[in-house]
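Heads up, the thing below is written out as structure tokens.
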Amino acid sequence: MALMRNRILEILNKAIVPICHSGGLSDQSPPCVELEIPKISQHGDYASNIALSLTRCLKRNPREIAKEIVKHMEMSEGLISKVEIAGPGFLNFFIEPGAWHQELVEVHAQAEKYGYQEIGKGKRVQVEFVSANPTGPLHIGHGRGAATGDVMAAILAFCGYAVEREYYINDAGNQMDTLGRSLYYRYQEALGEPVDFPDGHYQGDYIMELARDLTEEVGTRYHKVPLDEVLPDFTRYAGDRILAGIREDLDNFGVRFDQWFSETTLHSQNAIQRTIETLKANRYIYEQEGALWFRSTAFGDEKDRVVVRANGLSTYFAADLAYHKDKFERGFDTVIDIWGADHHGYVERMLAGIEALGRKRSDLQIILVQLVNLLRAGKPVAMSTRAGEFVTLREVIDEVGKDAARYIFLTRRSDSPLDFDLEVAKMQSNDNPVYYVQYAHARLCSIFEVARERGVPCEWLNGGANPDLAPLVLPQELEIIKMLGEYPEILASAAKTLEPHRISYYLNELVALFHSYYNQNRILGDDPDLTQARLYLAAALRIVLANALSLLGVNAPEKM
RNA sequence: GCGCCCGUAGCUCAGUUGGAUAGAGCGUCGGACUUCGAAUCCGCAGGUCGCAGGUUCGAAUCCUGCCGGGCGUACCA
């Protein structure tokens with residue numbers, strides 16, 4: 001048995017074959033039939049615009065096409081009560097109320113696998129995200145990228161892709177030297193040397209903490225030792241310590257990576273040089289004014305880009321080219337990069353880069369995540385990275401909790417800026433969407449707890465026979481069932497569009513239906529048959545809530 | 001100047017990739033706990049989808065031009 005929407009789709013797909021055939025369309029390119037749930041119930045349970053989209057290629061009146069489709073449909077018994085042709089040529093399907101019950105059986109049968117989609121077909125996908133420079137702790141913007149990337153990866157994995165999560169460590173370049181120098185000066189300072197802390201260095205408190213720690217560990221070993229002699233040691237110490245902190249913060253945020261990729265390895269293994277050679281062989285590299293340029297304009301970039309500077313040093317972009325070459329050499333079919341939106345100017349050249357390396361533009365998907373405005377009770381919180389005054393991700397998680405933070409990050413499209421209000425995130429009220437959903441889950445669990453106390457049997461929870469679902473006749477009940485049946489479709493669309501926020505919106509809608517239903521009806525009532533059927537519905541709801549929250553990396557509590 | 005993103009209810013945002021009469025939450029106001037969790041629910045009000053054209057059976061969605069906001073525009077990373 002398949003879900004309702006798939007059964008309708010199958011009927012439709014079969015029905016249009018002879019029509020396309022007689023219209024001269026080959027079976028090779030059957031039009032994609034779409035099924036939507038209409039906003040207005042008068043338009044049926046499902047609606048298809050297939051007749052309308054066929055008008056163009058068949059050059060026929062849509063209502064006539066619709067009539068013919070209906071004529072060709074094989075109506076199985078007890079499934080569809082009627083099909084109407086409406087408006088310009090919509091097909092409106094009205095489902096036999098009793099047919100919905102099968103949907104619930106599907107949910108129970110698949111349980112924690114419910115929603116699983118076989119659309120990835122094992123294709124290898126890498127999601128690279130966060131990738132913050134190890135020069136300071138993660139801030140709230142990184143948190144948004146972390147949540148987005150982590151959930152996107154989870155969705156893709158659940159949709160049948162072989163997914164790897166990767167963090168690119170920018171541990172090369174002069175920013176790391178700056179970091180090392182910053183620590184050096186703070187260290188000398190900690191030993192009582194008067195230091196004129198230079199501009200453009202990292203001023204955060206965390207550097208002073210590192211300096212104190214270093215002083216405890218090595219004492220005066222580096223006291224007054226010239227900077228040049230010891231800079232690599234300071235850089236390594238600071239970089240390692242900060243990266244360890246980043247890992248810890250991400251771990252607390254529920255984000256785990258399969259791979260931590262260090263930029264330094266690209267340098268040490270000559271990967272950058274080799275990448276430039278490859279591009280040179282493809283005639284995409286030329287020399288001008290002492291520098292080597294990549295001809296990114298050949299692929300639509302607005303100007304060519306330097307890969308090796310006149311001073312002989314390669315650019316960050318060159319390393320990034322080598323990095324992406326490496327990614328594809330590792331066998332990924334698709335690579336997804338999640339970047340802060342302030343890097344959007346970089347997108348075109350990167351796409352040009354992978355094209356020049358022989359990949360399709362669509363093999364690299366770049367998702368831009370907009371900035372987060374941190375607020376407290378509606379007022380902006382000062383966030384000056386330069387001066388080192390910023391609220392770290394760790395502080396935010398400590399204050400509002402992992403679940404609230406993750407959920408709020410996922411309640412917006414990633415290319416929409418997000419106001420993150422610390423006070424709202426802490427509020428245990430309707431202002432805070434995460435509690436709305438978690439509350440529903442806890443409430444469902446509580447119902448089963450009460451059922452257990454009252455001795456209501458639920459053998460079907462442990463593999464026993466399913467209850468008779470015929471008592472589920474209320475419009476609200478059918479509405480909930482219908483929406484549970486949409487869950488796989490929501491996942492598929494989230495995977496296809498790379499938009500995790502669709503899941504949180506779905507959850508909010510689903511949970512709203514449940515809360516409303518709950519307030520008007522009793523699950524545990526006097527009628528044992530009705531009670532069984534409603535418990536079965538409640539259990540299916542709990543399954544979907546738990547599955548979806550798990551994808552979001554948000555806890556599904558039994559009690560709150 | 002050029003490029004990218006965004007303009008939808010008082011506020012914050014969705015809108016199933018071009019579908020039918022535009023959707024939530026917050027906020028305002030008014031209601032619902034002797035009951036399985038009131039962290040919930042029910043109701044009222046709120047719109048020229050920034051503006052103007054174009055594409056077609058059909059546009060918040062696509063194309064063009066304006067207006068307004070954000071970001072970017074390094075031989076930095």
Side-chain angles (χ1 to χ4, degrees), chain A residues 34-40 42-43 47 49 52-53 55-56 61-63 86-90 92 133 135 170 172-176 178 263 288-293 301-303 305-317 319-320 340-348 368 370-371 378 411-413 415-419 421 424 427-436 438-440 442-451 453-454 456 486 489-490 493 496-497 501-502 504-506 508-509 511-512 514-525 531 534-535 538 559-560:
Chain A
E34 282 172 19
L35 214 52
E36 62 165 18
I37 294 185
K39 291 170 221 158
I40 308 164
Q42 280 77 23
H43 293 152
N49 63 344
L52 292 161
S53 35
T55 27
R56 215 154 288 170
N61 180 304
R63 285 192 71 103
F90 289 103
N92 293 338
N133 302 337
T135 54
N170 290 152
N174 48 33
Q175 56 176 356
M176 292 305 287
T178 306
E263 184 189 346
Q288 188 180 312
E289 292 166 15
L292 286 186
W293 295 71
D301 195 10
E302 58 188 15
K303 56 175 286 198
R305 308 293 173 175
V306 170
V307 285
V308 179
R309 292 180 262 166
N311 64 10
L313 295 176
S314 56
T315 59
Y316 173 83
F317 176 53
D320 223 0
D342 52 338
H343 289 75
H344 72 258
Y346 206 76
V347 171
E348 271 310 314
L368 298 175
Q370 279 288 351
L371 302 181
T411 50
R412 293 276 183 290
R413 253 181 22 221
D415 58 6
S416 173
L418 170 68
D419 289 338
D421 194 310
V424 171
M427 252 182 239
Q428 303 202 343
S429 77
N430 216 357
D431 292 325
N432 196 345
V434 68
Y435 292 110
Y436 189 63
Q438 288 185 319
Y439 183 65
R443 187 177 242 184
L444 284 161
C445 291
S446 156
I447 294 170
F448 281 94
E449 183 59 23
V450 173
E453 284 166 10
R454 294 187 189 171
V456 179
E486 283 302 294
E489 192 60 22
I490 297 295
S493 76
K496 197 173 145 198
T497 58
H501 74 278
R502 288 170 186 248
S504 13
Y505 275 91
Y506 169 81
N508 266 292
E509 263 181 71
V511 159
F514 166 64
H515 282 313
S516 172
Y517 172 68
Y518 177 91
N519 271 276
Q520 289 167 52
N521 303 97
R522 299 192 61 77
I523 311 283
L524 304 171
T531 296
R534 286 183 171 172
L535 275 172
K559 287 185 170 41
M560 305 175 56

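No hydrogens, no waters, no symmetry mates; every other heavy atom, side chains included, goes into these values. Owing to the predicted nature of the structure, the values given are computational and were not obtained by experimental measurement. Chain letters run A, B, ... following the sequence lines, proteins first and then strands; every chain starts at 1.
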Pair of N/O donor and acceptor under 3.5 Å linking [N] base with [X] side chain:
{"X": "Asn92(A)", "N": "A20(B)", "result": "yes"}
{"X": "Glu289(A)", "N": "C75(B)", "result": "yes"}
{"X": "Asp342(A)", "N": "G72(B)", "result": "no"}
{"X": "His344(A)", "N": "C71(B)", "result": "yes"}

Expressed as a whole number of Å, how far does the [atom1] atom of [N] sit from that of [M]?
{"N": "C63(B)", "M": "G19(B)", "atom1": "P", "answer": "15 Å"}
{"N": "A14(B)", "M": "C5(B)", "atom1": "P", "answer": "16 Å"}
{"N": "A38(B)", "M": "G46(B)", "atom1": "P", "answer": "32 Å"}
{"N": "G47(B)", "M": "C11(B)", "atom1": "P", "answer": "12 Å"}
{"N": "A24(B)", "M": "G65(B)", "atom1": "P", "answer": "36 Å"}
{"N": "G70(B)", "M": "U21(B)", "atom1": "C1'", "answer": "35 Å"}
{"N": "C49(B)", "M": "U8(B)", "atom1": "P", "answer": "11 Å"}
{"N": "G68(B)", "M": "G50(B)", "atom1": "P", "answer": "16 Å"}

Requested in this report: Give a yes/no on whether any side-chain N or O of Arg413(A) is located under 4.0 angstrom from OP1 or OP2 of U17(B).
Outcome: no
Query raised in the report: Between Tyr346(A) and Phe317(A), how do the two ring planes meet: parallel, tilted or perpendicular, split at 30° and 60°?
Result: perpendicular
Report task. Return the nucleotide paired to C71(B): Watson-Crick means purine N1 to pyrimidine N3 with N6-O4 or O6-N4, wobble means G-U with N1-O2 and O6-N3, both under 3.5 Å. Result -> G3(B)
Query raised in the report: Where the side chain of Leu52(A) is defined as all heavy atoms beyond and including C-beta, which of A39(B), G19(B), U40(B) is the nearest nucleotide?
Result: G19(B)
Report summary line: Of the candidates U17(B), U40(B), C57(B), the side chain of Tyr436(A) sits closest to U40(B)
Query - Asp419(A) CG - G27(B) C1' separation (whole Å) - result: 16 Å
Query raised in the report: In terms of base orientation, is U17(B) syn or anti, with the syn window spanning 90° either side of 0?
Result: syn
